[in-house]
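Letters A, B, ... are given to chains in the order of the sequence lines, protein chains preceding strands, and every chain is numbered from 1. All values below were derived from every heavy atom in this structure, side-chain atoms included, with hydrogens, water molecules and symmetry-related copies excluded.
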Protein chains: 2
Amino acid sequence: MLVAERRELLLTRLSSEGKIIAADVARELGISEDSIRRDLRDLAAAGHCQRVYGGAVPVSRALVDYRSRASVEPESKRRIAARAVQLIKPGDRVILDGGTTTLAVVHALPADLEATIITHSPTIAAALIEHPSVEILLLGGRIYKHSAVACGAAAAEAARAITGDLFLLGVTGVHAEQGLTTGDAEEAAMKRTLAAQAADTYVLASAEKIGAVSPYLVLTLDAITAIITDASPGSTALQALQRTAPAVMLAA
Amino acid sequence: MLVAERRELLLTRLSSEGKIIAADVARELGISEDSIRRDLRDLAAAGHCQRVYGGAVPVSRALVDYRSRASVEPESKRRIAARAVQLIKPGDRVILDGGTTTLAVVHALPADLEATIITHSPTIAAALIEHPSVEILLLGGRIYKHSAVACGAAAAEAARAITGDLFLLGVTGVHAEQGLTTGDAEEAAMKRTLAAQAADTYVLASAEKIGAVSPYLVLTLDAITAIITDASPGSTALQALQRTAPAVMLAA
DNA sequence: CGTGTTTCTGCACGTTTCTGCCGTATTGTG
DNA sequence: CACAATACGGCAGAAACGTGCAGAAACACG
């Protein structure tokens with residue numbers, strides 16, 4: 001059996017059964033687990049599957065990436081947020097995406113900043129209420145509990161009624177070829193709509209998002225202004241990105 | 001079964017049932033409670049759920065925690081909220097006003113309630129995200145910081161696009177002659193607009209609001225269906241109200 | 001055909017992760 | 001306060017992982 005053939009079989013099996021258990025496949029095919037592990041490692045590197053302990057699962061489930069998320073310390077989000085805040089000029093209309101990274105942006109805003117923050121996240125809006133000077137514009141609609149933001153037709157319509165100077169976007173995957181991706185289709189559409197309303201779009205992505213791919217495309221890399229990340233400059237995923245992305249801003 | 005698979009199952013179960021009981025899951029899956037506890041601990045560390053004694057509940061993406069905050073709410077608000085919740089029938093479209101009393105209503109909602117909650121308060125919406133089954137419709141607009149709700153032209157327009165079966169209204173003054181009053185003109189107008197969209201309007205007012213008057217009129221008493229309060233039946237203010245108001249429901 | 005190179009494969013070894021158990025501490029309940 | 005349920009940390013065995021290595025197969029090229 002050819003290697004390529006075997007790997008194809010792995011992918012087929014992955015989509016049909018929703019998972020791969022390395023030990024099982026190795027026994028069925030009569031080859032060592034080492035080879036299967038090597039296959040899975042390569043497939044994962046190519047973005048075709050997600051490696052987990054004992055085997056692999058489809059990328060579509062990558063949103064539950066426990067190991068990497070467990071290692072996400074608030075410190076990295078705080079650094080990224082601090083860098084993002086520097087982009088905001090007094091009087092700007094800032095469109096702020098939902099998510100924990102953008103929530104960190106709220107906490108990083110200078111107390112005397114006079115700007116308008118536009119968001120479709122009730123969580124972000126609720127946090128902003130305590131800020132003394134920013135104006136808050138809330139985009140309404142049906143709340144998707146999965147992502148805790150307003151999505152759908154009503155939210156998109158509300159979004160198209162406004163414009164912003166910059167959009168601070170959060171995604172779960174930033175990949176040199178696959179572009180910006182996230183785990184929910186409606187959410188992806190909403191992010192795209194918001195990006196269309198802003199003069200500049202900045203992506204906020206902590207290190208573990210760099211090189212990752214989620215199921216739904218938000219935007220291609222050429223549609224954004226820059227990526228703000230804390231990924232280490234030496235990482236291969238970041239270097240690949242720097243050859244494709246318009247700009248990469250490193251958060252010290 | 002893969003570890004990742006099991007943890008995914010836990011999250012699925014968490015969102016579908018609103019909670020996880022470690023002992024139950026351990027028995028069903030035929031593994032030790034220790035492993036489940038370890039899973040829940042890691043998931044909690046990754047921000048996917050919140051650990052509680054005996055298992056886990058959905059994570060608080062909101063500033064206010066769905067459950068724990070309920071324990072620090074004044075007993076009076078809890079009682080009023082409990083009474084108000086009884087008015088909601090499965091499938092209802094409930095318009096929920098902003099404020100601490102209506103926030104207590106969120107915490108008093110049964111976990112299995114299937115209803116649509118419509119609100120112009122980001123705080124209310126953020127708290128509702130924790131609820132396993134209700135649908136949330138957020139009315140957007142400019143956020144007024146003193147009242148922490150969306151008001152103004154855009155919010156009113158969004159409100160006129162929806163209808164509700166009942167409106168749970170919070171005010172700062174309930175007076176036999178002066179009617180229902182509040183402290184902000186824009187806020188009063190928004191409450192009036194919401195009342196117009198609902199078949200029934202119920203006022204939630206703790207004892208100290210009964211007999212009080214604030215600067216801006218929201219509605220006259222004949223425009224509402226009933227008042228829910230915990231005021232003592234003997235108080236003169238309540239007795240005066242009972243001669244004028246359509247109905248007064250006492251929260252035991 | 002011969003030879004040097006690359007790729008694939010299995011094995012061995014040390015490391016990491018997972019799991020169940022046990023003793024102890026903590027929490028909830030009456 | 002007492003009792004039961006639950007949580008936590010440490011421990012040891014098992015399973016899975018990554019890596020380096022060497023042999024085998026496939027390949028490229030003169």
Side-chain angles (χ1 to χ4, degrees), chain A residues 1-11 13-14 17-46 48-58 61-62 64-72 208 211 232 234-237, chain B residues 1-11 13-14 17-60 65-72 78 107 111:
Chain A
M1 173 183 267
L2 277 74
V3 180
E5 199 179 351
R6 187 182 61 220
R7 299 197 172 181
E8 197 172 345
L9 183 120
L10 286 176
L11 289 181
R13 190 183 174 115
L14 188 57
E17 300 186 17
K19 66 172 176 183
I20 282 179
I21 298 178
D24 291 0
V25 185
R27 190 163 19 82
E28 286 181 34
L29 300 183
I31 55 176
S32 76
E33 293 184 31
D34 296 73
S35 294
I36 299 297
R37 266 199 287 276
R38 270 185 275 249
D39 288 344
L40 294 180
R41 186 214 300 157
D42 294 347
L43 289 173
H48 292 111
C49 71
Q50 164 93 18
R51 200 78 174 73
V52 297
Y53 195 87
V57 294
R61 296 203 213 164
V64 265
D65 178 1
Y66 315 99
R67 215 169 321 229
S68 64
R69 283 210 190 172
S71 63
V72 168
E208 85 278 5
S232 99
S235 73
T236 58
Chain B
M1 171 183 265
L2 297 167
V3 180
E5 201 180 352
R6 187 182 62 219
R7 298 195 173 183
E8 193 173 350
L9 183 110
L10 287 176
L11 288 182
R13 193 183 171 114
L14 188 58
E17 300 185 18
K19 66 175 176 184
I20 281 179
I21 299 176
D24 292 358
V25 185
R27 189 163 21 81
E28 287 181 35
L29 300 183
I31 56 175
S32 74
E33 292 183 32
D34 297 74
S35 293
I36 300 296
R37 263 197 290 278
R38 269 185 274 250
D39 288 344
L40 294 180
R41 188 211 302 157
D42 292 349
L43 289 173
H48 288 101
C49 70
Q50 183 173 350
R51 217 54 240 291
V52 296
Y53 198 82
V57 294
V59 67
S60 166
D65 177 17
Y66 180 62
R67 271 160 241 278
S68 64
R69 174 73 179 266
S71 58
V72 300
R78 279 228 301 276
H107 299 139

Taken to the nearest whole Å, CD1/B:Ile20 to P/D:dT6 is 15 Å
- [ ] Look at the side chain of B:Asp34 against the base of C:dC21 and say whether a donor-acceptor pair falls under 3.5 Å; ignore hydrogens and angles.
- [x] yes
note: B:Glu33, atom CD; C:dG20, atom P; distance rounded to Å ~ 11 Å
In whole angstroms, the gap separating P of C:dC18 from CG of B:Leu43 amounts to 12 Å
Among the nucleotides C:dT9, C:dG10, C:dT19, whichever has the atom closest to the side chain of B:Arg38 is C:dT19
From CD1 of A:Ile21 across to C1' of C:dC18 the rounded distance in Å is 15 Å
Student check: side-chain heavy atoms of B:Glu33 and B:Arg38 closer than 4.5 Å
no
Closest to the side chain of A:Ala22, out of D:dT19, C:dT9, D:dC17, is D:dC17
A:Leu29 CG to C:dC8 C1', in whole Å, measures 15 Å
### Task
Please determine if a side-chain N or O atom of B:Arg7 lies less than 4.0 Å away from the OP1 or OP2 oxygen of C:dC18.
no
Side-chain contact test, heavy atoms from C-beta onward, threshold under 4.5 Å: evaluate it for B:Val57 versus B:Arg51 and give yes or no.
no
Rounding to 0.5 Å, atoms CG (B:Leu40) and CG (B:Leu10) come to a distance of 5.5 Å
> Is B:Glu28 atom CD crowded by more than 12 heavy atoms from other residues, nucleotides or ligands, each under 6.0 Å away?
Replying inline: yes
Atom CZ of B:Arg51 and atom P of C:dG28 are separated, to the nearest Å, by 12 Å
Which of D:dA7, C:dG20, D:dT19 is nearest the side chain of B:Arg37? It is D:dA7
Next on the checklist: With a 4.0 Å limit, can you tell me whether A:Ser35 has a side-chain N or O closer than that to the phosphate oxygens OP1/OP2 of C:dG10?
Outcome noted: yes
Rounded to whole Å, the CD-P distance (B:Glu5 to C:dT19) equals 12 Å
So OG of B:Ser35 and CZ of B:Arg7: to nearest 0.5 Å the spacing works out to 9.5 Å
Winner on side-chain proximity to A:Tyr53, out of D:dC8, C:dT19, D:dA16, is D:dA16
From CG of B:Asp39 across to P of C:dG20 the rounded distance in Å is 10 Å
